[in-house]
There are 2 protein chains.
Amino acid sequence: MNVETALEKLKEKGYKRTKQRERILEIFVKQDQYIAAKEILKEIQEDFPGVSYDTIYRNLYLLTDEEILEATELGGEKHFRLGCDTHGHHHHFICTECGKTKSIEFCPMNSINENLNGYDIENHKFEIYGKCPQCS
Amino acid sequence: MNVETALEKLKEKGYKRTKQRERILEIFVKQDQYIAAKEILKEIQEDFPGVSYDTIYRNLYLLTDEEILEATELGGEKHFRLGCDTHGHHHHFICTECGKTKSIEFCPMNSINENLNGYDIENHKFEIYGKCPQCS
DNA sequence: ATTTTAATTCGTAATCATTCTTATTTAAAT
DNA sequence: ATTTAAATAAGAATGATTACGAATTAAAAT
C-alpha cells in the first residue's frame with residue numbers, strides 16, 4: 001500500500017485529502033513497523049508545528065477503520081502500522097526491545113478445532129513477543 | 001486455585017496476609033472472568049472505604065507476577081482473572097459484550113511451523129473475540 | 001472565479017487509567 | 001512487647017487519549 005492508493009481509497013468514501021493526512025501516511029509507508037501516536041506527532045511537527053493530538057488520533061482511527069492501518073497495544077500505548085494486505089491476513093512476531101516486527105503467515109484460526117458452536121466470532125489476535133536476531 | 005492456596009503461596013515468598021489482599025482474592029475466586037481495576041476498587045470499597053488504587057494495582061501486579069492472576073488488555077484497560085492452572089496453559093474466547101470467557105485448549109504454538117530461527121520467543125498471545133451464546 | 005458546504009484542523013481543556021510520593025499503619029518475627 | 005520490613009492511605013502527578021468550540025480548508029456546486 002502506498003500513499004496515493006490510500007488517499008484514493010479515502011476519496012471514494014468522501015474523505016478529503018489534507019496535507020496532514022498525507023504526511024501521516026508517508027510516515028507509515030517509510031517506516032514499516034508499529035509506531036505510537038506520540039512518535040507520529042513528533043515527526044509531523046517538523047512540517048506542521050501546530051498539529052494537535054486530536055488530528056493524529058482522528059486520522060489513525062480513521063485509517064484503521066478503513067483498514068489501511070492495523071493497530072495493537074504495546075506497553076500501554078496503542079501502536080499502528082501499515083496493514084500489509086499484500087501478504088493477505090497474517091500475524092506478527094514483535095520485538096520487545098526495538099519494536100520491529102516479522103510477519104507470520106501461520107494463522108491459528110485455520111488449524112483450531114475447538115468446539116465454538118453458538119459463539120459468534122468477530123475477531124482474533126495472535127502475536128508472538130520476544131527478541132529479534134539483532135536484539136537477542 | 002482458592003484464596004487459602006494463593007495466600008500460602010504468597011507467604012512462602014515472604015509476603016504478608018492482609019485483609020485487602022484477601023478480599024481481592026475472594027473477588028476473583030467468586031467471579032471467574034476478566035475484571036478491571038476499577039471494578040475491584042468499587043467492590044472492595046464496600047468493606048474498606050479507604051482503599052486506594054495504589055493498593056489495588058500493587059496487588060494485581062503482585063498476584064500476576066506470582067502467576068496467581070493472569071492479565072490482558074481489553075478496551076484500553078488492563079483486566080485480570082484467576083489463572084486457571086488446573087487446565088494448564090490455555091487461551092480464551094472473550095465476549096465483547098459481557099466480558100465472559102471460554103477457555104480454549106488449543107495453543108497455536110504447538111501447531112506453528114514457521115521459521116523463527118534467531119528469534120528469542122518470550123511470550124505469546126492468542127485470543128478470540130466475539131459474542132458468547134447468551135449475547136449473540 | 002466565487003460561493004457554499006461539510007470535512008478537517010487547531011488549541012486547549014478535560015478525562016481516565018495508571019503511577020508515584022510520603023507519612024502512617026500493620027503483620028509477623030524476635 | 002518490641003522491632004522491622006511490608007503494606008496501606010491519601011492525594012498529587014503523569015501520560016495517553018478524548019472532547020469541544022472556533023477557525024480553516026478542500027472539494028463540490030454555482
Side-chain angles (χ1 to χ4, degrees), chain A residues 3-4 6-27 34-66 68-69 71-80 99, chain B residues 3-4 6-27 34-66 68-69 71-80 99:
Chain A
V3 176
E4 287 309 319
L7 288 170
E8 263 311 309
K9 200 169 172 178
L10 290 179
K11 189 174 186 176
E12 284 166 19
K13 295 284 193 79
Y15 298 109
K16 294 177 179 172
R17 176 187 193 116
T18 67
K19 302 183 294 288
Q20 295 87 339
R21 193 165 282 166
E22 195 176 328
R23 192 72 187 74
I24 289 173
L25 281 164
E26 279 171 12
I27 293 171
Y34 279 111
I35 311 174
K38 65 173 175 225
E39 296 169 58
I40 300 291
L41 182 78
K42 205 195 307 178
E43 186 131 355
I44 290 208
Q45 279 181 330
E46 292 170 13
D47 295 336
F48 308 96
V51 274
S52 70
Y53 266 116
D54 186 58
T55 299
I56 304 296
Y57 280 108
R58 192 167 14 77
N59 280 300
L60 291 178
Y61 291 147
L62 170 66
L63 293 169
T64 304
D65 286 348
E66 296 303 322
I68 292 165
L69 297 183
T72 195
E73 184 96 26
L74 295 172
E77 278 176 77
K78 290 182 186 93
H79 285 64
F80 302 82
Chain B
V3 176
E4 287 309 318
L7 289 170
E8 263 312 307
K9 200 169 172 178
L10 291 180
K11 188 173 185 176
E12 284 166 19
K13 294 284 193 81
Y15 298 110
K16 293 178 180 173
R17 178 187 191 116
T18 67
K19 302 184 293 286
Q20 294 88 338
R21 191 165 282 166
E22 195 176 326
R23 192 72 185 77
I24 289 173
L25 281 164
E26 281 171 12
I27 292 171
Y34 279 112
I35 311 175
K38 66 175 174 222
E39 298 169 58
I40 300 291
L41 181 78
K42 204 196 308 177
E43 184 131 357
I44 290 208
Q45 279 181 330
E46 292 171 15
D47 296 336
F48 307 97
V51 275
S52 69
Y53 265 115
D54 184 60
T55 299
I56 304 297
Y57 280 108
R58 190 166 13 78
N59 279 299
L60 291 178
Y61 291 147
L62 170 66
L63 293 169
T64 304
D65 286 348
E66 296 303 322
I68 291 164
L69 297 184
T72 196
E73 185 95 26
L74 295 172
E77 280 175 77
K78 290 183 186 91
H79 284 63
F80 302 82

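Basis for what follows: all heavy atoms, side chains included, without hydrogens, waters or symmetry-related copies. Reminder, nothing fancy here: chain letters follow the sequence lines and each chain counts from 1.
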> So, taking the atom named CZ in B:F80 and the one named CG in B:L74, what distance separates them when rounded to the nearest 0.5 Å?
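So the gap between those two atoms works out to 11.0 Å.
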> In whole angstrom, what separates A:I56's CD1 from C:dT12's P?
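Distance, rounded to whole Å: 16 Å.
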> Can you measure B:E66 atom CD to D:dA6 atom P for me and round it to whole angstrom units?
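Distance, rounded to whole Å: 13 Å.
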> Tell me the interatomic distance from A:N59, atom CG, to D:dA26, atom P, rounded to whole angstroms.
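Between P of D:dA26 and CG of A:N59: 14 Å.
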> If the threshold is 4.0 Å, N to carboxylate O, is there a salt bridge linking A:E4 and A:R17?
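Result for this pair is yes, salt bridge flagged.
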> Please determine if B:E26 and B:R23 form a salt bridge, counting it only when a charged side-chain N lies under 4.0 Å from a carboxylate O.
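Yes, charged N to carboxylate O under 4.0 Å.
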> Atom CD1 of A:I44 to atom P of C:dG11: distance rounded to whole Å?
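From A:I44 CD1 to C:dG11 P: 14 Å.
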> At under 4.0 Å between heavy atoms, what does A:K13 touch on the DNA or RNA strands: base, sugar-phosphate, or nothing?
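Nothing, no nucleic acid heavy atom in range.
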> Determine, step by step, whether A:E66 and A:K9 satisfy the salt bridge (Lys or Arg N to Asp or Glu O under 4.0 Å) criterion, reporting the C-alpha distance in whole Å, the side-chain angles of both residues, the deciding distance to 0.1 Å, and the verdict.
CA-CA 8 Å; A:E66 296 303 322; A:K9 200 169 172 178; over 6 Å; no
> Between the protein and nucleotides 27-30 of chain D, which nitrogen or oxygen pairs come in under 3.5 angstrom?
{"unit_1": "D:dA27", "atom_1": "OP1", "unit_2": "A:R17", "atom_2": "N", "d": "3.1"}

> Sugar-phosphate atoms are those with a prime plus P, OP1 and OP2; base atoms are the rest. Using that split, label each nucleotide of nucleotides 9-17 of chain D B, S or - for protein heavy atoms under 4.0 Å, 5' to 3'.
BB-----SB
> What's the spacing between A:L69 CG and A:H79 NE2 if we round to 0.5 Å?
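That separation rounds to 13.5 Å.
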> With a 4.5 Å heavy-atom cut-off, do A:L7 and A:K11 have their side chains touching?
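Not touching, per the 4.5 Å side-chain cut-off.
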> CG of A:L62 versus P of D:dT18: gap in Å, rounded?
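A:L62 atom CG is separated from D:dT18 atom P by 14 Å.
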> Could you tell me the separation between the CD atom of B:E43 and the CD1 atom of B:I27, rounded to the nearest 0.5 Å?
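Reported value, rounded in 0.5 Å steps: 4.0 Å.
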> Output side-chain donor-acceptor pairs under 3.5 Å for residues 56-63 of chain B, partner residues at least two apart or in another chain, one line each.
{"unit_1": "B:R58", "atom_1": "NH2", "unit_2": "B:D54", "atom_2": "OD2", "d": "3.3"}
{"unit_1": "B:R58", "atom_1": "NH2", "unit_2": "B:T55", "atom_2": "OG1", "d": "3.3"}
{"unit_1": "B:N59", "atom_1": "OD1", "unit_2": "B:R21", "atom_2": "NE", "d": "2.6"}
{"unit_1": "B:N59", "atom_1": "OD1", "unit_2": "B:R21", "atom_2": "NH2", "d": "3.2"}
{"unit_1": "B:N59", "atom_1": "ND2", "unit_2": "B:T55", "atom_2": "O", "d": "2.9"}

> Within this structure, what is the CD-to-P distance between B:E22 and C:dA28, rounded to whole angstrom?
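Going from CD in B:E22 over to P in C:dA28 covers 10 Å.
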> Using atom CG of B:D47 as one end and atom C1' of D:dT8 as the other, report the distance to the nearest whole Å.
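The answer, rounded to whole Å, is 16 Å.
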> Between A:E39 and A:K42 (salt bridge meaning N to carboxylate O under 4.0 Å), is one present in this structure?
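Salt bridge absent between A:E39 and A:K42.
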> Between C:dA28 atom P and B:R21 atom CZ, what is the distance in whole Å?
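Taking CZ of B:R21 and P of C:dA28, I get 10 Å after rounding.
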